[in-house]
Amino acid sequence: MWCHRLSHLQIRLQDLLRGRVTCWALQQLNFKSLFPLAIHWHHTASKSLNCVWRQHTDHFELQYANTVMRFDYVWLRDHCRSASCYNSKTHQRSLDTASVDLCIQPKTIRLDETTLFFTWPDGHVTRYDLDWLVKNSYEGQKQKVIQPRILWNAEIYQQAQVPSVDFQSFLETNEGLKNFLQNFLLYGIAFVENVPPTQEHTEKLAERISLIRETIYGRMWYFTSDFSRGDTAYTKLALDRHTDTTYFQEPCGIQVFHCLKHEGTGGRTLLVDGFYAAEQVLQKVPEEFELLSQVPLKHEYIENVGECHNHMIGVGPVLNVYPWNKELYLIRYNNYDRAVINTVPYDVVHRWYTAHRTLTIELRRPENELWVKLKPGRVLFVDNWRVLHGRESFTGYRQLCGCYLTRDDVLNTARLLGLQA
Ligand SMILES: C[N+](C)(C)CCCC[C@H](N)C(=O)O
Ligand SMILES: O=C(O)CCC(=O)C(=O)O
Ligand SMILES: [Fe+2]
């Protein structure tokens, strides 16, 4: 507080010296619009560049590329890309941010062609390319589309006729891999065909795009209905739509399924786009969407079967949205594994059940259900942060193998191939 007061005094003094005090005073009175702007705005020499900027006492304002941007001076000093502040080889900051005066102001600002030069009180010069500022400003980010996705119900997905990628081209060509990842990012599910039906080949496939996430179920898992683990997945029972590992602090990002054998009936896989259902809730009852994104819940995995002893707890809301742009990025939905709700008072609990019901109704609409039969050779990748899976009860012998992938590493591969992720 003291620091700010002091700096305002300093600023006023500086402004007085520079004859800019009128502008400052008028701003304080909110008479900005009455003031003849032209006097205080700096226009570029070249009209075609169409850039104007203004040095305010506490921030820098820039109009460029149809964007009005405002930059904090500490931010501008902190993001300096000069050799002494930033190592462009490692892409890491060398500047100690804590050494920057929180009341810092540039001594001078000038524009040369498309580069802005800020000279700081200690003489250090920071240069910014105008396009870099647009790309990296808050205002520029806001204009950018969030992760492109095609939200789907069964009809939308089927009509899109999303092609599967062939095992060979997935493994051997970047193009095949890129097509696959593009579809995966858009729809949250993708298939690879003609995979030899073994655990080893499934593993090879997984390793092509990511690190395998080892969990309490192992690295590669392989299961039949032998109840070898204390979970319904290891039975012949139907499983309603859900996401997996909701009881991890960070639920697994991607799940890979390969059915190696099924001699019997039933056992189809159900897929539902959770983001599509959530979007319906947002459109119909926004306050329920909000509640589902705010009430934290526990999910729990308690196992004591044979040698397996586990107790996992994960806490988080059903709908996880980024606080800065409200983009939905993760759904935790598993009614089997949801633990006792004791994180909210009783009246909120009731509103939460209402909201949960609304979401469940959307998730259960038959038109939102995509049913597929997993067959040996056809490997399914599911975005476990977005798409729910389930299965029909079945008879006979059924073998499923697969693994979880770390989300960061799948996205890493996608970015390296030039995709937005
Ligand atoms: C069989 N496999 C390892 C794939 C999953 C087992 C996890 C089942 C658990 N109820 C959950 O939904 O997380
Ligand atoms: O058996 C299946 O098809 C899927 C079971 C399941 O939900 C899981 O393994 O996560
Ligand atoms: Fe599951």
Side-chain angles (χ1 to χ4, degrees), residues 146-147 149-160 186-189 231-233 237-247 251-252 255 266-300 314-322 326-373 380 382-393:
I146 49 181
Q147 181 61 46
R149 291 188 180 102
I150 298 174
L151 304 187
W152 51 267
N153 56 19
E155 196 190 345
I156 296 170
Y157 185 78
Q158 273 149 0
Q159 298 237 318
L186 284 177
Y187 296 98
I189 51 172
D231 192 277
T232 324
L237 297 172
L239 283 172
D240 190 32
R241 64 224 69 198
H242 64 274
T243 60
D244 267 26
T245 63
T246 47
Y247 40 81
C252 290
Q255 186 162 29
R268 283 181 309 158
T269 296
L270 167 62
L271 296 164
V272 179
D273 185 357
F275 284 12
Y276 180 87
E279 178 66 26
Q280 304 297 313
V281 177
L282 180 63
Q283 299 299 328
K284 294 176 188 172
V285 215
E287 59 281 9
E288 292 187 352
F289 181 99
E290 187 147 341
L291 197 67
L292 290 171
S293 72
Q294 281 170 354
V295 173
L297 292 177
K298 283 184 198 147
H299 286 79
E300 196 167 27
V315 188
V318 172
L319 304 178
N320 294 258
V321 300
Y322 293 127
K326 301 282 177 249
E327 179 186 359
L328 175 64
Y329 69 90
L330 158 67
I331 289 196
R332 259 196 180 86
Y333 186 98
N334 192 320
N335 209 51
Y336 303 105
D337 295 332
R338 188 159 45 73
V340 172
I341 304 178
N342 53 13
T343 38
V344 278
Y346 86 95
D347 54 327
V348 180
V349 164
H350 196 80
R351 288 196 289 130
W352 183 86
Y353 276 115
T354 307
H356 184 258
R357 186 66 50 90
T358 305
L359 176 62
T360 301
I361 289 170
E362 294 304 328
L363 289 168
R364 289 191 183 169
R365 282 189 200 287
E367 62 267 31
N368 294 347
E369 299 182 337
L370 181 71
W371 286 95
V372 293
K373 176 77 184 153
L380 166 64
V382 183
D383 180 345
N384 188 52
W385 282 19
R386 165 178 170 185
V387 175
L388 290 76
H389 63 278
R391 74 155 184 239
E392 200 178 22
S393 65

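Heavy-atom basis, side chains included; hydrogens, waters and symmetry copies ignored. All residue numbers in this chain count up from 1 along the given sequence.
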Within the side chain of N368, is there an N or O that forms a donor-acceptor pair under 3.5 Å with the backbone of A277? no

Given side chains that start at C-beta, do those of R357 and I361 come closer than 4.5 Å, heavy atoms only? yes

With side chains defined as the heavy atoms from C-beta onward, is the minimum distance between Y157 and L151 less than 4.5 Å? no

Is L270 close to L370 at the side-chain level, that is, under 4.5 Å between some pair of heavy atoms? no

Rounded to the nearest 0.5 Å, what separates atom OG1 in T269 from atom CG in L380? 7.0 Å

Are more than 12 heavy atoms, taken from residues, nucleotides or ligands other than R365, located less than 6.0 Å from that residue's CZ atom? yes

Nearest-0.5 Å distance, OH of residue Y322 to CD1 of residue I146: 10.0 Å

In terms of heavy-atom contacts, A355 and L291 come closest through CB-CD2, 4.4 Å

Here the pair of heavy atoms bringing A160 nearest to Y187 is CB-OH, 3.4 Å

I'd like to know if the side chain of R241 and the backbone of L363 have a donor-acceptor N/O pair within less than 3.5 Å. yes

Supply the atom-to-atom distance H299 NE2 to Y336 OH, rounded to the nearest 0.5 angstrom. 12.5 Å

Do the side chain of R364 and the main chain of E369 share a donor and acceptor less than 3.5 angstrom apart? no

Give me the atom names and distance for the closest heavy-atom approach of Q255 to D244. NE2-OD2, 3.0 Å

For N153 and E367, which I'm curious about, is there any donor-acceptor pair between the side chains at under 3.5 Å? no

Looking only at non-hydrogen atoms, find the nearest pair between I189 and V387 and report the distance. CG2-CG1, 3.8 Å

Spatial distance of atom OG1 (T354) from atom CG (L359) [nearest 0.5 Å]: 12.5 Å

Scanning both residues in full, the closest heavy-atom pair of L239 with A233 reads CD1-CA, 3.9 Å

Taking E279's backbone N and O only, do any of them form a donor-acceptor pair with K284's side chain (distance below 3.5 Å, no angle check)? no

A quick test of your reading: do over 12 heavy atoms of other residues, nucleotides or ligands sit less than 6.0 Å from CD of E327? yes

Separation of R332 CZ from W385 CH2 (nearest 0.5 Å): 9.0 Å

Examine distances only and state if a side-chain atom of N320 and a backbone atom of Y329 form a donor-acceptor pair shorter than 3.5 Å. no

With a 4.5 Å cut-off on side-chain heavy atoms, are R149 and R386 touching? yes

State, with a plain yes or no, whether a side-chain heavy atom of W371 is found less than 4.5 Å away from one of E392. yes

Contact check, side chains of Y276 and Q280, non-hydrogen atoms, under 4.5 Å: yes

C252 backbone acceptor or donor facing T245 side chain under 3.5 Å: yes

So do the side chains of V372 and L271 get within less than 4.5 Å of each other, counting heavy atoms only? yes

Tell me, do S293 and V321 make a side-chain contact under 4.5 Å, heavy atoms counted? yes

Which atoms form the tightest heavy-atom contact between P296 and T343, and what is the distance? O-OG1, 2.7 Å

For the NE2 atom of H356 and the CD atom of E288, what is their distance to the nearest 0.5 Å? 12.0 Å

Assess whether side chain to side chain contact (heavy atoms under 4.5 Å, CB included) is satisfied between W352 and V344, documenting all intermediate values. CA-CA 9 Å; W352 183 86; V344 278; 5.7 Å; no

Between N334 (side chain only) and T243 (backbone N and O only), is there a donor and an acceptor less than 3.5 Å apart? yes

Pick out which of T246, T360, D240 makes a side-chain hydrogen bond (donor to acceptor under 3.5 Å, both in side chains) with Y333. T360

Going by atom types alone, do H242 and D337 pair a side-chain donor with an acceptor below 3.5 Å? no

So, R338 versus N335: side-chain donor-acceptor pair below 3.5 Å or not? yes

